[in-house]
Amino acid sequence: MENQLKSIVCAVDFSALSDQVVAYAADLQHGGTELTLLYVEPEESNSDCLLKKHLHAFSRYSDILACRGGSALFKVRYGDPATEILSYAEELHADLLVLGSHGSMAFTRLLMGSTAETVMRRASCAVVIYKSPEPDSDAQSRMERITQVS
């Protein structure tokens, strides 16, 4: 008998990688699985402008979800990203946490990898770290040349 996921929390940061992470998490939805897209704002603010920014950013995930026949709840928390992701997953009794990692360079790891690593080590549920593929240097060079010519 297969265990069905009841609740997935997918942490997003509104980057291009988050688009891929949302698509991956949406593909894991089956039947009654509830998917929550969680964004953590480092500092609390009641600004209407900030709320509009979040709503606009979340809206782009609607197309990704619709293409996969999925749906999601959108949630914003304030504070340290790793702490808030873990806290929310505990509150929700999540079966799975999905988040992205931007690679393995030391500087990048300090910015994003430390959140993913902390969540992975401390989570009480299963964790999937979706790693961004390393950019192909030849493809990157071609794109730079095309951009310069245009």
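The aromatic rings of F14 and Y61 sit parallel, their planes meeting at an angle under 30°, below the 60° perpendicular limit.
Using modelled atom types, no side-chain atom of S87 and backbone atom of E84 make a donor-acceptor pair closer than 3.5 Å. Under the 3.5 Å distance criterion, the side-chain polar atoms of Q4 are matched with a main-chain donor or acceptor of H30.
E41 places a side-chain heavy atom less than 4.5 Å from the side chain of H54. Side-chain contact between C10 and L35: present, with at least one pair of heavy atoms (C-beta onward) separated by less than 4.5 Å. Counting only heavy atoms from C-beta outward, the side chains of S7 and T33 never approach each other to under 4.5 Å.
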Counting only pairs under 3.5 Å, give me each side-chain donor-acceptor contact of residues 68-76, with atom names and distances, residues two or more places apart or in other chains.
residue: R68; atom: NE; partner: A23; partner atom: O; Å: 3.3
residue: R68; atom: NE; partner: D27; partner atom: OD1; Å: 2.9
residue: R68; atom: NE; partner: D27; partner atom: OD2; Å: 3.4

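Within the structure, every pair that satisfies the salt bridge (Lys or Arg N to Asp or Glu O under 4.0 Å) test and touches residues 85-101, not counting sequence neighbours, is listed here: R77-E91.
L97 shares a hydrophobic cluster with V9, L38, V40, I85, L86, Y88, L92, L99, V119, M120, V127, I129; the chain of contacts runs through ILVMFWY side chains whose heavy atoms sit under 4.5 Å apart.
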| query | Can D19 and R60 be said to form a side-chain contact (heavy atoms from CB on, under 4.5 Å), step by step? | reply | CA-CA 9 Å; D19 293 354; R60 72 186 220 206; 2.9 Å; yes
| message | Pair E34, T36 - check side-chain contact (heavy atoms from CB on, under 4.5 Å), show working. | response | CA-CA 7 Å; E34 182 177 277; T36 302; 4.1 Å; yes
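Applying the side chain to side chain donor-acceptor pair (under 3.5 Å) rule to R122 yields no partners; only residues at least two apart in sequence or on another chain are considered. Remark: T83 pairs with D80 by the side chain to side chain donor-acceptor pair (under 3.5 Å) rule, at least two apart or across chains.
In terms of heavy atoms, L17 sits closest to S101 at CD2-O, 3.5 Å.
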